[in-house]
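To keep things clear, I will list the structure first and then write my remarks on it.
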Amino acid sequence: MINEIKNACLKAFESGEVGYIIGWQATRFADKTTPLFMRSAEDVEKLVWNKYCVNSTAKYALEDKYPEKKIGIILRGCDSRAVARMISDKQLKRENLYLIGVVCDGKEDPICATCSHKTPVIYDVLIGQPTTEEISPERFAEVEKIAAMTPDERYNYWAVQYDKCIRCYACRNVCPACNCVECYADQYRTGWQGKAHNRAENQVYGLTRAYHVGDRCIECGQCERVCPMNLPIMSQTRKMLKDINDLFGPTECGLTIEEAPVLGEYDLNDREEFM
Amino acid sequence: MSRVGVFVCHCGTNIAQTVDVERVAEAAKSFPGVVYSSTYKYMCSEPGQAMIKETIEKENLDRIVICSCTPRMHEVTFRKMLKGTKINPYQLEIANIREQCSWVHTDKEKATEKAINLARMSVAKVLLNEPLHTSSIPITKRALVIGGGIAGIQAALDIADAGHEVVLVEKESSIGGKMAMLDKTFPTLDCSACISTPKMVDVSQHPNITLMTSSEIESVGGYVGNFDVTIRQKAKYVNHDICTGCGLCETKCPTKVISEFNQGLAKRPAIGKMYAQAVPAKPVIDPNACRKLIDGKCGLCAKLCPLGCINFEDEDKLVTEKFGAIVVATGYQLIEWGELYPEYGGGKYKDVITGLQFERLVNASGPSEGHILRPSDNTEPKTIVIIKCVGSRDPKKGKSYCSRACCMYGAKHAHQILDKIPGAKVVTFYIDVRTPGKNYEEFYDNTRHDGAIYVRGRVSKIYEEDGKLICLGEDSLLARKVAVKADMVVLETAMVPAVGIRELAGMLGIAVDNHGWVTEAHPKLRPVETQTGGVFLCGVCQGPKDIPDTVAQAGAAASKVIGLLNKDSMETSPMISKVDESKCAGCGFCVKMCPYKAITLEDIDVRQGPKTVKKTVAKINGGLCQGCGACNVACRTGCIELLGFKNNQILEEVDSLCL
Amino acid sequence: MSVKENWEPKILAFCCNWCTYTGADLAGLNRMKYPENVHVIRVPCSSRVNPQFIIRAFQKGCDGVMVCGCHPGDCHYATGNYYTRRRFMLMKRLLEHNGIDPNRFVCRWISGAEAAKFRDVVTQVSNQIKAMGPNEKFREPYYLEKEAE
Amino acid sequence: MMKYSFFPGCSMGSTAKCYRLSLEYVCRQIGMDLYEIDGWNCCGATSAHVMNEVMGLALPALSLAKAEKNFPHLDIATGCAACYSRLKTAAHHCKNDAGVRYQVEKTIGMPYEAKREVLNFMDIFGTEEAMTAMQEKIRRPLKGLKVACYYGCLNVRPAAITGAPDRENPMTMENIISLSGADCIDWSFKTECCGGAHQNDATTETRPLVDVIIRNAVANGAQCIVTACPLCNMNLEMRQKEYERIFGTPRIPVFAFTELIAIAMGAHWNEIALDAHYTDASKIIAEAIRAGKEADVK
Amino acid sequence: MLLPKEKLSEALGALAAEANVIAPVKWEGDVFFMPYKGGDVCLEGNGKLPPKDVLFPKTEKMYSYSIAKGTMTEHNDAAATILFGVRSCDAASIERLDKVFLEQGYKDGFYSAKREGLAVIAMGCDKPMATCFCTSMGIDPMKAEVADVQMCPVEGGFTVEAVTEKGKEIVKKWDSLLDKKSKAKPAKVECSLNINVPEDFEKKLMDMFESPIWDDVTKACLGCACCTYVCPTCYCFDINQDVHGDEGTAFRCWDSCMFSDYTRMAGGHNPRPSKKERLRNRYLHKLAYYKDRHGKYLCVGCGRCIANCPAHLDITAFAEKAMEVE
């Protein structure tokens, strides 16, 4: 599999259209890889493809919105949905990207157990056999577990989690749906989000971010992977997705590049519960 | 640090009775930013306002909070008052301590406590109020009326009479619309031509009205007061400037095609006026009928024309003009009943005609000069069946709505038949007879008195048998089957919106319902306005109606346009949304949410390091934005904010409640 | 949770200017009576209320929050409350997922003429919250310390 | 490839003898093979689905399932309008509604996927292939014979199930009959109800229905009526003597449309039991054949 | 002297009687320095977050004021605390923080109050983690710099050696539990991860300010504050107010140089606009600026930033790459 990807990268460089390609490279630790930015044929040698390629490669393209040449990205299933997410949010232009899709074989990441799209949804060239996809029954297991608790138990469960949060904003910086130019949390003058590190401020941050990305979350699991304090962040956005599923019909985000998020739409015969 | 003044009103005893106003004023002094607070018996009265103005000067206040009745009552009053002072009228907040405090609570202690909370919330918000200024957008004093039927004509005349320039655009080669086709109009039975042609002539001679026939709207841009509309003037192939309308070409033209004006009952030449009393009374060549234009032969009319007006190389012209207001008066057409009702012969039987075809038969300037003759063999029919609600009130086959006017013009047709054919027998099949106007019921009674037979029931099948049209139906009042051997059948078919209304609505940004009727701003309270500022509507394009209602609506729409055009500029409300372009990511989530399509994504030049690049940002059109604030919530970054209700203002209000 | 005797809940209500605020004024005009705990914030349309305000209200010590607007279809701005409906259907469930008692956040459609409905909704909500006692969840440390004194 | 599995239906073997014999004659002539479904059962006609919805679908579905088992790649042909309607309804519901399919399969105890189409003989003979084949076999054109084509109800309605393009003025039979040289008249009662099964139990009410149909046909110049359903055929022809006595309705013969085609192909009387008609038909036929021969001579 | 393993919790219990003891405890799946309330202590590896929280808390209320009462109070009530289980790297970080907060002319009142009341019981490392490289930064895993009591894990228990007066009082409390006779000596320990940092590495780094390697080194960084908030020697903070009407509090909270608004000035100019500048600044601060001024690396080699970085960046990999550059 790795050679096919390397050939694809070399072919991309030969075509001359691609400035650099984002992939993974080994680190001194066997069980970790770090994103690799290949600029020329020699860099392609450093490319690795193993079960530790857990970093998402898609969001780095956001930092280079006006590239001279195309940006090449090696996409697993979830990365392709991240690219689709950013394109439909108009933050990336499809013509600036050269996408090398690789059918994913599942990585060392708990989210891969409930992955429903191992085959990339958007690519210029595809490597590997597309697999049949279906939504995993475990998708909302975590949400149902919390739903089974009483309100007080739920609050205490979350209070402990948000006591741990150190507000390093890694979950925001890795999330493809969090693609604002300037995050609300950085606009201290407006006063949405205080700077203090306490449970209440952390809860405000946690809930606000869940609401902001809830209807556009592509369930790539990066937020939970990067959180140094292992907070169950995915269960917040998945709660939103579960409600959207129940209320407005089955949804999976980041599958197409013109996707209308649910909160941007309305439907006259939505359920009426505020009469 | 800002200097806030708090003024607590007694409102006689309305507030003072259950709210200790002195304590509220006292407590207000401790709020951050408040430097002065006092109470007065009637704050909204002249002395009250004078006291406030004087205090503003004396205490050098820069924002004020008035605790009184509902802002929906006196916000305007106090803003007008502030116009006279150095404080911007929008540096004002009103705490509602009457309708939502003193009047609805009994316990004085708790009511005062709540009044203090409400005052604190208002002070917290006023500290963040910025001075706002109404901006004004210029108004082009020109109106565009789309559609030359009686609705468009009446609206254009009223607007022009008020001294404003009007452009009347009509798709056909002449104005007059459906009314020009009619013979008589109910309930007064005065001749349709006699009351509409004078108005048409007025239109052509009115100095303020520019008439553009054979023209259609190509595209609409801009917004209220500043629409720039591109109009496609279709090729007429006749130079109307020099043509005198002598009609020589018309008589000599060899090709004969079906006349749409006469609803297919007669033929017309390829060149000619739409009908005798057409305005402008000048011929036009029909490109899909004229042999010269189709395969280059003939060209007789060009040879014959004494003034050489004919020009076969004429092309469509696109004209773009600026308008302040637009009136949609596109009218209606009759439903295509052929495919919907095969059981009535589906158009096979010549003598099964529609109401408009009957109007052409009975019209003196019609193909049969007013004699009611059977189109099949031109003999005078003795027994005529009129069938109402063909396509109307029939959700399965046609339209679910009632077309309102057919009951009356059905009765009129019966009356005309009994009048013109002595000894004729008229059988009208109906579901209900609806006579919703002045002298309508009396007209219907006279018709029945004249001998028209009204049978309550629907006709199930019409078939031809030895020259007669057998109408099988039922009389549901007598519960028995009925078969009428008729010579002619008149179907009163449903009204449907004019062709192309959906594309036009799309261009104007107005909505149409699922049938295609234009959606008015409010069915009862704003019937002639639409959701888009500066676009008005009148006549049947809004829904089926008869001529009296149409003319009334035309006058109403005209008055709205005149109201708009009388002003040189239009004040836009200052409480509209504003975009902070440095933070805008151009994601477009706000664009879809705006009900008034006031937000567009545009590219602006932005320096990024050494390069300048194109960045997409949202831009708000002040004229269209009504200040609802939906876009504020769509924007995750919070860079689009409604002035007067900015995020930090509402957050301060929320924070100040529980201090 | 023992409820202190004369404790009065603080309830915030975002009311849309064209319908619910008018209804509230009408309730005042008709001298209808309801508890003093509800404080109204006037917004041009219920679609102006950002669900983040609800989180903010609980953080700053409110015991209950209401969002009221026009009935769907009556919105002065045509489509405003359709969006409100979707936003708060989701935020209500997200808050419940995080432990907020469902009765503490209420969203209702109240038209300009339904003065009685405004009074009944307000009375019902404030009695409910009075029974539930003060809201301990999401509160900033400032309020917790102030209570300790 | 003109091969169909054939669902004859009850009347083909009995009252619709002329229809059956002429149909077989024409098929022989143009080389169309009809494989009768072995073990076909009653299609439930007009009564089964009134009594019980599922039974109304299961009865025809059983035969369709057997046809699908025996000849999985053949469409199903049937002559009678009622059989056509019931079979087509069963196939339609089983294809589009999984719930109904499950119940039907449970009732008939065998799988049925409704993969094949159900056709009546107007559809089959109307196909390009059949028309050209019949065209070549016409030897005795029936010149000048005025024919009124009568479709009845179930061959055309309900449009959702039958898919008939024009339910008021169908023309499929006219196209076929014109092959035989006869002239089809234009008349208004093509799809009016002939009273169906109620001709037996509610005769006084349904008698005028047939009278009006025949009068309109005759008024428009028809010498005979042509049908594509044994029940219509029987209703229009069998009681003409009685109608003549009561209403003075003129008497005209009523053929199955395949009879005229067979005659035009040169079939002998007894081959297609032409004498079995209640109203003598031989005179106008002979006259039309003679006119046909003269036209040939010229 | 030797403190047998099984007597450890008893020893800690004794200390907990007088002062509050902070020890590495397993909580929610990771090891954190938390107040010790009995039970056993987890001595594998190191705390997920450094113990700096004890001296320099995430959020520290400094002053509060009330206009109504016209008062302003300072909140500096530091209670005596004993910090148990501090590894040499964290101890070294305390020494770094002391230099910054106490020895730069202005003595930070809040920090110094906590520092005086603090007694550090260092614990040597017998099994350094894969990400540890303190030896490369000149730190002896078995000998902590600011320790009051130095303990080292040996066979069957921990050697105990009082270093300072405070240390002696603590050891006195453990008198009954100690086995005085044992002569056990801790074995020498070497980190698996080693970078041999050359002499005057900081000079070389500072000359490399404009070198192109910064682009590829920082390209993969996400720009979050994870590394700064788990780093024991990061001491940047922000002072903010929490205003409630006419009363409020001023508080100090952690801030990170990796945030975009950290160096954003009035008018919007930002000297460190992108993550490249910020990460460069962070690396140079750890490996160059501090050493240039105070002679010691600010990075104590605890490896927490390597373990927790979402993009798996590694300061040691940077160091090696920097060494290759001439």
Side-chain angles (χ1 to χ4, degrees), chain A residues 142-144 146-147 149-159 161-162 184 190-194 196 198-212 214-215 235-244 246-248 261-275, chain C residues 1 46-47 50-61 66-73 75 78-104 106-110 114 117 121 132 135-144:
Chain A
E142 185 65 23
V143 173
E144 267 124 23
I146 294 174
M149 305 179 190
T150 68
D152 290 346
E153 274 166 4
R154 266 186 245 129
Y155 180 74
N156 296 335
Y157 169 81
W158 282 114
Q161 301 306 333
Y162 281 110
Y184 86 98
T190 320
W192 285 109
Q193 177 73 57
N198 57 42
R199 176 192 296 177
E201 290 293 347
N202 295 350
Q203 279 168 334
V204 166
Y205 168 65
L207 273 176
T208 308
R209 209 186 79 78
Y211 176 74
H212 278 182
D215 62 338
S235 107
Q236 296 273 33
T237 47
R238 274 199 159 148
K239 165 65 181 172
M240 288 270 291
L241 283 172
K242 180 174 184 306
D243 295 337
I244 291 174
D246 305 345
L247 296 171
F248 311 118
V262 157
L263 282 174
E265 302 285 301
Y266 67 87
D267 185 349
L268 293 190
N269 31 42
D270 275 350
R271 212 148 70 101
E272 186 50 78
E273 53 187 37
F274 298 141
M275 246 335 154
Chain C
M1 194 153 57
S46 58
S47 60
N50 194 329
Q52 288 162 235
F53 295 154
I54 315 299
I55 306 169
R56 180 57 161 245
F58 285 124
Q59 182 195 8
K60 294 292 178 182
M66 288 168 59
V67 172
C68 305
C70 311
H71 288 264
C75 175
T79 58
N81 47 18
Y82 298 139
Y83 294 113
T84 313
R85 176 164 59 185
R86 278 208 165 176
R87 289 174 189 151
F88 285 103
M89 271 210 255
L90 292 180
M91 178 48 88
K92 187 175 163 60
R93 287 167 172 74
L94 187 64
L95 287 174
E96 275 153 36
H97 179 72
N98 279 277
I100 286 281
D101 194 304
N103 301 336
R104 285 197 186 275
V106 167
C107 183
R108 297 298 294 273
W109 307 131
I110 300 173
E114 294 169 319
K117 177 172 180 183
V121 168
M132 267 192 281
N135 163 40
E136 299 307 334
K137 297 169 177 161
F138 285 125
R139 284 172 91 123
E140 269 191 336
Y142 169 80
Y143 295 95
L144 301 176

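Throughout, protein chains are lettered first and strands after them, A, B, ... in sequence-line order, and every chain is numbered starting at 1. Predicted model, so just to flag it, every value in this text is computed and none were measured.
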One should read off an interatomic distance between A:Lys242 NZ and C:Leu94 CG, to the nearest 0.5 angstrom, of 13.0 Å

Between C:Ile110 and chain A, which part of the residue has a heavy atom less than 4.5 Å away: side chain, backbone, both or neither? neither

When the ring centroid of A:Trp192 is compared with that of C:Phe53, is the distance short of 6.0 Å? yes

Are C:His97 and A:Trp158 packed together at the side-chain level, in the sense that at least one heavy-atom pair is separated by less than 4.5 angstrom? yes

Using a 4.5 angstrom heavy-atom cutoff, name the option from A:Phe248, A:Tyr184, A:Tyr266 with the most pairs to chain C. A:Tyr266

Any heavy-atom pair between the side chains of C:Gln52 and A:Leu207 that's under 4.5 Å? no

May I ask you to test the A:Glu201-C:Gln59 pair for a side-chain heavy-atom distance under 4.5 Å? yes

Would you call A:Met275 and C:His71 a side-chain contact if the rule is heavy atoms closer than 4.5 Å? yes

Using a cut-off of under 4.5 Å for heavy-atom pairs, which of A:Thr208, A:Asn156, A:Asn202, A:Asp215 has the most such pairs with chain C? A:Thr208

Measure A:Ser235 against the heavy atoms of chain C and call it side chain, backbone, both or neither at under 4.5 Å. both

Chain C interface, residue from A:Asn198, A:Leu263, A:Asp270, A:Ile146 that has the most non-hydrogen pairs under 4.5 Å: A:Asp270

Between A:Leu268, A:Val143, A:Thr150, which has the largest tally of heavy atom pairs under 4.5 Å with chain C? A:Leu268

Please flag which part of A:Gln236 lies under 4.5 Å from any non-hydrogen atom of chain C: side chain, backbone, both or neither. both

Identify the heavy atoms of A:Glu272 and C:Pro72 that sit nearest to each other, and give their distance. OE1-CG, 3.3 Å

In terms of heavy-atom proximity below 4.5 Å to chain A, should C:Glu140 be classed as side chain, backbone, both, or neither? both

Sub-4.5 Å side-chain heavy-atom contact between A:Tyr155 and C:Asp101: no

Indicate yes or no: at least one non-hydrogen side-chain atom of A:Glu265 is less than 4.5 angstrom from one of C:Tyr82. no

Answer yes or no: is there a side-chain heavy-atom contact under 4.5 Å between A:Phe274 and C:Asn81? no

Lys/Arg-Asp/Glu bridge criterion (N-O < 4.0 Å) met for A:Asp152, C:Lys137: yes

Quick check on the interface: out of A:Arg199, A:His212, A:Met149, A:Glu153, who has the most heavy-atom pairs with chain C under 4.5 Å? A:His212

Between chain A and each of C:Arg56, C:Arg139, C:Met89, count heavy-atom pairs under 4.5 Å; write down the option with the most. C:Met89

Rounded to the nearest 0.5 Å, how far apart are CD1 of C:Ile55 and OH of A:Tyr211? 9.5 Å

Salt bridge check: are C:Arg85 and A:Glu273 linked by an N-O gap of less than 4.0 Å? no

With a 4.5 angstrom heavy-atom cut-off, which part of C:Phe58 approaches chain A: side chain, backbone, both or neither? neither

4.5 Å side-chain heavy-atom contact, A:Lys239 and C:Asn98: no

